[in-house]
*Asks:* 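Before anything else, here's the structure in question.
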Amino acid sequence: MKKYLFFYIITSLLLLANTSSSSKFKGLKADLVTVVKSKRKMYLSCKGKILKKYDIALGGNPVGHKRVRGDQKTPEGKYKLDYFKPNSSFYKALHISYPNRRDHQNARRLGKSPGGSIMIHGQPNNREIKKSFFQRYNDWTAGCIALENDEMDEVLRLVNVGTPIHIKP
């Protein structure tokens, strides 16, 4: 009997320890998403305090601001997460409001399209594509910000559509 009681107490303590960090922010929502491209990090914060930090993958040519469709760059600047996309080639996604008016104007001066469909998303739905991407590349998207699928689920619990996102070099 003592043996089972000891096991029950230890198991309960371990479960409590594993859930305390996530329950610490229970009910809080991020009021800002910040991406620091040079560090390959994304931060969710609320009232200036970091709630979560994630390792990310970026576009295949990540240095510099996205200018035109196909440049493989992740944009830099202040945008919003303007809608949720539950079905795509990648596990769940939040759309980033790129291109803004300035992005359109800059691309027009170059005689090109600024591109679009920039998202925070999970991994490719096709397992073979996922396997080949991650064996060879760290930054593999076409300009998006990629996370693991379980992290994407967590982001969706902590971030509402309409939340600002600041993408820094």
Side-chain angles (χ1 to χ4, degrees), residues 29-48 50-169:
K29 292 284 191 171
D31 58 15
L32 177 64
V33 176
T34 305
V35 171
V36 181
K37 290 171 47 175
S38 62
K39 293 184 179 183
R40 306 302 188 276
K41 298 284 185 201
M42 183 172 83
Y43 304 91
L44 306 184
S45 56
C46 180
K47 297 179 183 171
I50 294 174
L51 301 176
K52 292 296 290 184
K53 173 176 71 171
Y54 302 95
D55 294 321
I56 58 171
L58 300 170
N61 185 21
V63 177
H65 176 58
K66 182 166 194 62
R67 301 264 183 244
V68 297
R69 177 183 309 277
D71 65 6
Q72 300 289 305
K73 293 185 181 295
T74 302
E76 295 172 0
K78 294 181 180 182
Y79 300 93
K80 282 198 185 267
L81 298 170
D82 56 359
Y83 67 85
F84 168 63
K85 186 170 184 179
N87 55 351
S88 73
S89 300
F90 299 91
Y91 183 80
K92 300 175 187 172
L94 281 168
H95 184 264
I96 298 169
S97 63
Y98 174 89
N100 60 27
R101 191 173 57 186
R102 187 179 330 152
D103 297 322
H104 276 289
Q105 290 169 345
N106 290 338
R108 197 173 309 126
R109 275 194 286 271
L110 297 170
K112 303 208 176 205
S113 165
S117 295
I118 303 297
M119 315 252 179
I120 298 173
H121 62 66
Q123 301 303 302
N125 289 331
N126 180 313
R127 290 187 188 276
E128 289 305 311
I129 292 173
K130 180 179 178 181
K131 187 176 176 182
S132 67
F133 274 129
F134 289 100
Q135 286 180 348
R136 289 186 242 151
Y137 305 107
N138 288 328
D139 290 321
W140 54 269
T141 77
C144 295
I145 298 162
L147 304 162
E148 293 294 329
N149 291 348
D150 61 329
E151 294 171 329
M152 189 66 214
D153 284 332
E154 186 174 61
V155 167
L156 290 169
R157 285 191 300 274
L158 294 170
V159 176
N160 289 329
V161 168
T163 301
I165 180 169
H166 296 179
I167 306 172
K168 300 177 178 184

*Asks:* Suppose the criterion is salt bridge (Lys or Arg N to Asp or Glu O under 4.0 Å): which pairs have a residue in residues 80-101, not counting sequence neighbours?
*Replies:* K92-D153

*Asks:* Going by side chain to side chain donor-acceptor pair (under 3.5 Å), name the residues that satisfy it together with R102, two or more places apart in sequence or in a different chain.
*Replies:*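 If we apply the side chain to side chain donor-acceptor pair (under 3.5 Å) test to R102, skipping adjacent residues, there are no hits.
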
*Asks:* Who are the side chain to side chain contact (heavy atoms under 4.5 Å, CB included) partners of D31, not counting sequence neighbours?
*Replies:*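 So D31 forms a side chain to side chain contact (heavy atoms under 4.5 Å, CB included) with S45, C46, K47.
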
*Asks:* Tell me which pairs pass ring-ring contact (aromatic ring centres under 6.0 Å, His included) where either residue lies in residues 103-124, with sequence neighbours left out.
*Replies:* F90-H121, H121-W140

*Asks:* Sort out for me which residue in T34, D55, V35 forms a side-chain contact (heavy atoms from CB on, under 4.5 Å) with K41.
*Replies:*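 Among the candidates, only D55 passes.
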
*Asks:* What distance do L156 atom CG and Y91 atom OH have between them, rounded to the nearest 0.5 Å?
*Replies:*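 Interatomic distance, L156 CG to Y91 OH, rounded to 0.5 Å: 8.0 Å.
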
*Asks:* I'd like to check the side chain to side chain donor-acceptor pair (under 3.5 Å) partners of N100; sequence neighbours left out, ordered by chain and number.
*Replies:*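 Partners of N100 by the side chain to side chain donor-acceptor pair (under 3.5 Å) criterion come out as none, since no residue qualifies.
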
*Asks:* Can you name the residues that form a salt bridge (charged side-chain N to carboxylate O under 4.0 Å, His left out) with D150, not counting sequence neighbours?
*Replies:* none

*Asks:* Can you tell me which residue pairs pass the salt bridge (Lys or Arg N to Asp or Glu O under 4.0 Å) test with a partner in residues 155-169, sequence neighbours excluded?
*Replies:* none

*Asks:* If you measure from CD1 on I120 to CD1 on I167, what distance do you get to the nearest 0.5 Å?
*Replies:*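 Taking CD1 in I120 and CD1 in I167, the distance rounds to 7.5 Å.
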
*Asks:* Taking only residues two or more places apart in sequence, or in another chain, which ones meet F84 in a ring pair (Phe, Tyr, Trp, His ring centres under 6.0 Å)?
*Replies:* none

*Asks:* Got a sec, which residues hit salt bridge (charged side-chain N to carboxylate O under 4.0 Å, His left out) with R69, two or more places apart in sequence or on another chain?
*Replies:*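 With neighbours one apart ignored, the set is empty.
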
*Asks:* Can you name the side chain to side chain donor-acceptor pair (under 3.5 Å) partners of K39, sequence neighbours left out?
*Replies:*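 By the side chain to side chain donor-acceptor pair (under 3.5 Å) rule, K39 matches no residue at all.
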
*Asks:* Show me the side-chain donor-acceptor pairs of residues 56-68 shorter than 3.5 Å, one per line, residues at least two apart or across chains.
*Replies:*
residue : atom : partner : partner atom : Å
N61     : ND2  : D71     : O            : 3.4
H65     : ND1  : E76     : N            : 2.7
H65     : ND1  : E76     : O            : 3.1
H65     : NE2  : D103    : OD1          : 2.9
K66     : NZ   : V68     : O            : 3.4
K66     : NZ   : D71     : OD1          : 2.9

